[in-house]
Amino acid sequence: MPTQTTTPTQYEMVVGLEVHAQLKTASKIFCGCSTKFGAAPNTQTCPICLGMPGVLPVLNRRVLEMAVKTGLALHCQISPYSRFSRKNYFYPDLPKGYQISQYELPLCEHGYLEVALPAGQAGVNGQIKRIGIHRAHMEEDAGKNLHEGLEAASHVDLNRAGVPLLEIVSEPDIRSVDEAVAYLKTLRDILVYLDVCDGNMEEGSLRCEPNLSLRPVGQKEFGTRVELKNINSFRFVQKAMEYELRRQEKVLREGGRIVQETRLWNTEKEITVVMRGKEEAHDYRYFPEPDLVPLIIPQELIEEVRKTLPELPDSKRERFVREYGIPVYDAEVLTTSKDLAHYFEACVEVYPQPKTVSNWIMTELLRELKNSGQEIADGPIPPDRLAGLLKMIDNGTISGKIAKTVFEEMYRTGRPPEEIVKERGLVQISDEGAIETLIDEVLQAHPDERESYRQGKSQLLGFFVGQVMKRSQGKANPGKVNELLKRKLGET
Ligand code: ADP
Ligand code: ZN
Ligand code: MG
């Protein structure tokens with residue numbers, strides 16, 4: 001490689017993510033202990049997960065099935081022959097002195113994930129990018145050190161020791177913070193869709209370690225990477241990466257070199273700090289786990305699991321575009337959760353105007369859900385009620401504007417639209433006589449404007465329409481108002 005003589009002005013970021021997903025099994029990976037979160041310390045342990053000598057691990061079949069299911073969803077090759085390895089290191093939360101993981105023969109390899117990149121400023125139709133999955137393998141979790149309580153002591157809780165994890169390692173295909181966040185969100189959606197992980201970052205069911213490096217734009221070789229640990233929310237993933245990007249860029253601009261190291265995200269100071277350098281990196285002395293037989297995965301098992309795969313967000317998105325003729329952006333939003341997608345389809349079934357339904361869900365419904373902190377599954381507005389409301393607009397009972405008010409009240413009170421409209425007297429006024437009376441009142445109240453209109457200031461039509469609508473408390477049929485006003489004003 002030629003030595004560089006000038007400082008390049010532009011750097012490109014290269015990122016690969018390591019994600020640990022806790023698999024949603026009832027019992028641990030190699031013993032029968034419960035995996036339930038939040039139990040009193042050390043109440044969910046046994047000689048196996050406590051690492052007593054002489055015990056033998058047995059693989060939980062559900063862990064294997066969930067791992068295969070995830071591997072298939074991530075378009076991975078499922079290795080017909082794989083095995084577990086021992087990863088040796090010493091730490092108080094690891095009673096055996098090694099973690100059972102997979103190393104040279106992982107279960108899943110060479111997959112990919114498609115992410116919809118955030119849309120441009122216009123807010124429509126982001127592009128789709130494919131990010132490679134290097135591997136996904138099964139392993140056991142370690143325990144947890146607790147540094148709490150009044151005594152000046154630390155304790156170890158081994159309830160988490162032996163809880164099953166799937167480590168999913170991406171290729172270094174990610175090129176921006178936005179892409180990294182989109183990847184992580186998409187991956188979480190898939191895991192939740194598959195029902196193999198609850199996706200809760202705060203409780204540690206999903207953990208993310210970004211590896212990040214910079215290189216001058218145009219250079220082919222990757223730069224030296226830094227691994228970021230201790231990040232437990234999407235916001236922190238974003239902040240930690242943004243900080244690290246700036247830090248590395250500054251070092252490089254000042255002619256320095258990036259050191260390969262592991263850094264921790266400090267939540268209070270909002271900076272990354274060195275945890276360990278390459279020299280201190282562990283030598284894990286991996287070797288095949290002698291207490292477990294190699295895994296031979298028959299094709300029949302893979303096919304069995306494949307049958308249980310639900311329709312995933314990406315195929316659902318494509319189907320929504322194809323079947324309902326809605327824009328990619330709408331389909332993307334509507335397929336972010338299984339429940340939302342299901343709600344949309346249930347509405348379209350009773351009210352077959354997909355784009356109208358999509359508009360109401362994306363604006364009115366999602367806004368109310370966000371404001372009230374509710375989930376769509378809480379069912380504040382059942383599909384047939386939304387359909388009922390939309391039908392009332394179509395048949396002229398209420399105006400689109402009034403419908404929004406009715407919608408808010410439906411959401412707040414859980415009452416059907418017909419009842420609200422009737423009780424509050426919101427039925428649209430389409431009767432020509434009634435509208436003409438309102439028009440006459442308005443024209444009488446504004447003789448000056450009427451005169452100006454007569455002299456050619458035709459943009460005053462909007463003013464008159466507004467006044468009539470106001471007098472009708474929003475209930476007059478706007479089309480009728482327009483038509484009758486034009487006629488009246490033309491007469492004079
Ligand atoms: P380790 O086990 O030491 O963390 P891996 O080979 O598992 O190493 O890689 C970890 C992650 O780092 C992967 O997601 C990979 O894509 C990413 N990665 C590798 N090289 C680079 C680089 N130069 N810049 C950014 N990310 C990288
Ligand atoms: Zn146990
Ligand atoms: Mg790593």
Side-chain angles (χ1 to χ4, degrees), residues 11-20 25-36 39 42-52 55-60 63 74 85 87 89 95-96 99-104 106 108-113 131-137 139-143 157-164 167-177 179-180 183-184 187 207-216 219-229 237 241 244-245 248 252 257-263 275-278 280-284 286:
Y11 288 98
E12 179 183 49
M13 165 184 215
V14 172
V15 176
L17 296 186
E18 289 168 75
V19 170
H20 285 88
T25 54
S27 57
K28 295 185 180 179
I29 182 167
F30 299 122
C31 64
C33 292
S34 167
T35 55
K36 207 164 172 234
N42 298 307
T43 53
Q44 294 173 169
T45 56
C46 73
I48 294 173
C49 54
L50 288 174
M52 300 289 180
V55 296
L56 286 176
V58 176
L59 178 62
N60 179 341
V63 172
L74 296 175
S85 289
K87 180 178 180 179
Y89 65 93
K96 292 199 293 284
Q99 177 194 26
I100 303 181
S101 180
Q102 293 196 289
Y103 187 56
E104 82 290 10
C108 319
E109 286 183 288
H110 314 302
Y112 67 85
L113 181 64
I131 291 164
I133 303 287
H134 181 60
R135 58 187 276 158
H137 69 253
E139 62 184 26
E140 60 178 341
D141 207 347
D157 175 10
L158 293 171
N159 283 352
R160 208 180 62 184
V163 160
E167 177 173 337
I168 303 161
V169 182
S170 87
E171 297 292 353
D173 290 346
I174 298 166
R175 294 289 174 272
S176 72
V177 176
E179 278 182 33
Y183 169 87
L184 192 56
L187 180 57
R207 293 166 237 162
C208 170
E209 289 158 15
N211 288 262
L212 194 156
S213 66
L214 294 187
R215 65 177 169 188
Q219 178 181 303
K220 217 165 149 267
E221 297 80 10
F222 290 152
T224 306
R225 78 183 147 116
V226 162
E227 183 174 327
L228 302 176
K229 278 196 190 294
V237 170
M241 292 183 68
E244 191 54 26
L245 170 67
Q248 290 189 18
L252 293 174
R257 287 179 49 199
I258 300 299
V259 187
Q260 187 173 341
E261 61 194 4
T262 302
R263 298 176 73 93
M275 176 183 154
R276 60 167 180 255
K278 198 182 181 182
E280 303 151 69
H282 292 120
D283 171 6
Y284 294 117
Y286 282 99

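All ligand and atom numbering here is 1-based and tracks the order in the structure. Note: hydrogens, waters and symmetry copies are ignored here, and every other heavy atom, side chains too, is used.
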Which ligand 1 atoms are under 4.0 Å away from a heavy-atom of Val14?
-> 24 (N), 25 (C)
In terms of side-chain geometry, is the basic nitrogen of Lys96 or Glu140 positioned less than 4.0 Å from the acidic oxygen of its partner?
-> yes
For the student: nearest non-hydrogen atoms of Pro172 and Arg175, plus distance | O-NH1, 3.0 Å
Atoms of ligand 1 less than 4.0 Å from Gly223 heavy atoms?
-> 23 (N)
Would you check if the side chain of Lys28 reaches a backbone N or O of Ile48 as a donor-acceptor pair within less than 3.5 Å?
-> no
Quick one: sort the Tyr89 and Tyr284 rings into parallel, tilted or perpendicular, breaks at 30° and 60°.
-> perpendicular
In ligand 1, the atoms that come under 4.0 Å of a heavy atom of Glu171 are 16 (O)
In this structure, CG of Leu17 is separated from CD1 of Ile174 (nearest 0.5 Å) by 4.0 Å
Could an N or O of ligand 1 be found under 3.5 Å from any N or O of Val15, whether backbone or side chain?
-> no
For Phe222, counting its heavy atoms only, list the atoms of ligand 1 lying under 4.0 Å from any of them.
-> 23 (N)
Taking atom types as modelled, is there a side-chain donor on Glu139 or His137 under 3.5 Å from an acceptor on the other?
-> yes
Measure the shortest side-chain to side-chain distance between Leu214 and Val14 over non-hydrogen atoms and say whether it is less than 4.5 angstrom.
-> no
Considering the heavy atoms of Val169, write down every atom of ligand 1 situated less than 4.0 Å from one of them.
-> 13 (C), 14 (O)
Region of Thr224 that comes within reach of ligand 1 [heavy atoms, distance under 4.0 Å] = neither
Would you tell me which option among His134, Arg225, Arg135 has the nearest heavy-atom contact to atom 9 (O) of ligand 1?
-> Arg225
Given Lys229, which of Glu244, Glu18, Glu209 fulfils the salt bridge (Lys or Arg N to Asp or Glu O under 4.0 Å) condition?
-> Glu209
Just checking, is any N or O donor in the side chain of Gln248 or Ser213 under 3.5 Å from an acceptor N or O on the other one?
-> no
Can you find a heavy atom in the side chain of Leu59 that is under 4.5 Å from one in the side chain of Phe30?
-> yes
Hey, which atoms in ligand 1 end up nearer than 4.0 Å to a heavy atom of Pro172?
-> 16 (O), 27 (C)
Contacts of the Zn ion (ligand 2) with protein N/O/S atoms, counting only those under 2.8 Å = Cys31 SG, Cys33 SG, Cys46 SG, Cys49 SG
With sequence neighbours excluded, tell me which residues meet salt bridge (charged side-chain N to carboxylate O under 4.0 Å, His left out) with Arg207.
-> Asp141
Measure Glu227 to ligand 1 on non-hydrogen atoms and call it side chain, backbone, both or neither using the 4.0 Å cut-off.
-> side chain
Should you measure from each heavy atom of Gly16, which atoms of ligand 1 turn up under 4.0 Å away?
-> 14 (O), 16 (O), 17 (C), 26 (N)
